[in-house]
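To start, the structure itself, in structure tokens.
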Amino acid sequence: MKAFIEYILQFGNLNQQQLDLISKKAAVLELRKDDYFSEAGKIVRQVGFIVEGITRVCYYNNKGEEITKYFIDENNIVVDLDSFNNEICSSAYVQAITDCKLIVFSKKDWQELLDTIVGWDTIVHKITSKALMLKVARRSPLVTEDATERYLKFLEIFPNVVNRVPLSYIASYLGITQSSLSRIRKNIR
């Protein structure tokens, strides 16, 4: 819980009573590798903060191929915001790719925090804005750079991820085949 409290305090000030309420509403969720935090076709009912581990957001394209959209590692919020806020079915899966420990809040408890804590909505907005900017910054190089540059950028952006996830997920994220990724890795060593 300490990591989550430190995280949210980057975005605004809260008093001890407010922090105690947040702690009271939080639950710990442990996911085993390959478990899903949320699934496509279902409405997302919780928001999480990753204390330990890595998740990936993925979907299936029209050819039935699994595509990794991005990775979410420690000290980051994980939620399909559109599904969570608008109570619509998610179009993507959020899957644990390592064993994970998360702090989670149900939709009801999250709403109660919004209704009770003055300024919580501002903090949530700042967290959401930062997450969206980070997501765009991480995805943008994938559009304009060649495969080797994309991989090098990946190493820079996700230094804690590369040795902890299957190469097939990294290749999918980079939009290349696993054999191409193996060649690139061999050439830059």
Side-chain angles (χ1 to χ4, degrees), residues 4 7-8 11 22 24-117 120-143 154 157-158 161 164-166 168-176 178:
F4 180 68
Y7 178 79
I8 59 174
F11 301 96
I22 292 166
K24 195 174 116 194
K25 297 291 179 189
V28 173
L29 173 67
E30 295 199 6
L31 296 175
R32 308 298 307 157
K33 180 181 181 231
D34 297 328
D35 286 352
Y36 290 98
F37 177 73
S38 61
E39 296 180 64
K42 296 182 179 177
I43 297 171
V44 174
R45 303 268 182 218
Q46 60 187 354
V47 59
F49 175 79
I50 301 177
V51 177
E52 294 171 15
I54 302 170
T55 63
R56 72 178 180 129
V57 177
C58 60
Y59 66 96
Y60 290 89
N61 68 13
N62 57 6
K63 296 176 188 164
E65 300 164 326
E66 187 180 82
I67 308 294
T68 297
K69 282 172 62 173
Y70 53 95
F71 299 96
I72 307 168
D73 58 359
E74 286 92 352
N75 298 313
N76 285 294
I77 295 289
V78 57
V79 64
D80 178 330
L81 213 50
D82 197 29
S83 175
F84 184 76
N85 286 339
N86 300 314
E87 298 206 2
I88 59 174
C89 290
S90 178
S91 60
Y93 296 87
V94 177
Q95 181 183 35
I97 48 179
T98 65
D99 288 345
C100 292
K101 182 177 178 184
L102 298 95
I103 302 292
V104 295
F105 298 88
S106 69
K107 173 89 174 168
K108 176 182 162 289
D109 287 339
W110 193 256
Q111 189 59 51
E112 208 170 299
L113 293 175
L114 285 168
D115 294 342
T116 308
I117 297 175
W120 181 247
D121 56 341
T122 304
I123 290 172
V124 169
H125 178 73
K126 288 178 182 177
I127 290 170
T128 304
S129 296
K130 180 185 178 201
L132 290 174
M133 289 187 326
L134 192 59
K135 182 177 164 184
V136 169
R138 288 177 168 179
R139 292 296 299 172
S140 293
L142 299 180
V143 178
F154 175 84
I157 294 169
F158 293 108
V161 173
R164 297 167 62 195
V165 304
S168 60
Y169 295 162
I170 297 171
S172 172
Y173 174 79
L174 296 172
I176 59 176
Q178 195 169 340

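One is the number of the first residue; the rest follow in order along the sequence.
Counting only heavy atoms from C-beta outward, the side chains of Asp73 and Asn76 approach each other to under 4.5 Å. By the 4.5 Å heavy-atom criterion applied to side chains, Phe37 and Leu29 are counted as neighbours. Side-chain contact between Val124 and Leu114 is present, with at least one heavy-atom pair separated by less than 4.5 Å. Annotation: side chain of Ile127 is not in contact with side chain of Lys130 (no heavy-atom distance under 4.5 Å). Contact of the Phe49 side chain with the Asn75 side chain is registered, since non-hydrogen atoms from C-beta on lie closer than 4.5 Å. Put simply, the side chain of Tyr169 does not reach to within 4.5 Å of the side chain of Ser172, judged on heavy atoms. Between Tyr7 and Ile77 the shortest side-chain heavy-atom distance falls below 4.5 Å. Within the 4.5 Å cutoff, side-chain heavy atoms of Ile72 are placed close to those of Val57.
Taking CD1 from Ile97 and CG from Leu31, the interatomic distance works out to 12.0 Å, rounded to the nearest 0.5 Å. Between Ser90 atom OG and Asp82 atom CG the span is 8.5 Å, to the nearest 0.5 Å. Between the CD1 atom of Ile117 and the CD atom of Glu112 there is a distance of 9.5 Å, given to the nearest 0.5 Å. To the nearest 0.5 Å, the span separating CD1 on Ile22 from CD1 on Ile103 amounts to 12.0 Å. The distance from the NZ atom of Lys108 to the CD atom of Gln46 is 14.0 Å, given to the nearest 0.5 Å.
Asp34 and Gln95 make their closest contact through O-NE2, 3.3 Å (heavy atoms, listed as atom of the first residue, atom of the second, distance). The two residues Ala96 and Cys100 have their closest heavy-atom pair at CB-SG, 3.8 Å.
Taking the centre and axis of the six-membered ring of Phe84, the NZ or CZ atom of Lys107 falls inside the cone set by 45° and 6.0 Å.
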Would Lys42 and Glu87 count as a salt bridge (charged side-chain N to carboxylate O under 4.0 Å, His left out) here? Give the steps. CA-CA 9 Å; Lys42 296 182 179 177; Glu87 298 206 2; over 6 Å; no
Test side-chain contact (heavy atoms from CB on, under 4.5 Å) on Trp120 and Asp115 and set out the steps. CA-CA 8 Å; Trp120 181 247; Asp115 294 342; over 6 Å; no
Give the intermediate values and the outcome of side-chain contact (heavy atoms from CB on, under 4.5 Å) for residues Phe158 and Ile54. CA-CA 11 Å; Phe158 293 108; Ile54 302 170; over 6 Å; no
Under the criterion side-chain contact (heavy atoms from CB on, under 4.5 Å), I'd like the reasoning laid out for Val47 against Val104: C-alpha separation, chi angles, the key distance, then a yes or no. CA-CA 6 Å; Val47 59; Val104 295; over 6 Å; no
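A salt bridge is absent between Glu39 and Arg45; no separation between the charged side-chain nitrogens and carboxylate oxygens falls under 4.0 Å. For Arg56 and Glu66, the salt-bridge test passes: some basic side-chain N is under 4.0 Å from an acidic carboxylate O. In this structure, Lys33 does not pair ionically with Asp99, as no charged nitrogen and carboxylate oxygen lie closer than 4.0 Å.
In summary, the aromatic rings of Phe154 and Phe71 are positioned with their centroids under 6.0 Å apart.
A donor-acceptor contact shorter than 3.5 Å is absent between the side chain of Thr68 and the backbone of Tyr70. Judged by distance alone, with hydrogens and angles left aside, the side-chain atoms of Ser83 form a donor-acceptor pair with the main-chain N or O of Val44 at under 3.5 Å. Looking only at distances, a side-chain donor or acceptor of Asn61 sits under 3.5 Å from a matching main-chain atom of Lys63. Proximity of a side-chain donor or acceptor of Thr55 to a complementary backbone N or O of Val94 within less than 3.5 Å is not detected.
Between Phe105 and Phe4, the ring planes lie tilted relative to each other; the angle falls in the 30° to 60° range. Between Tyr93 and Tyr36, the angle of the ring planes lies from 30° to 60°, which puts this pair in the tilted group.
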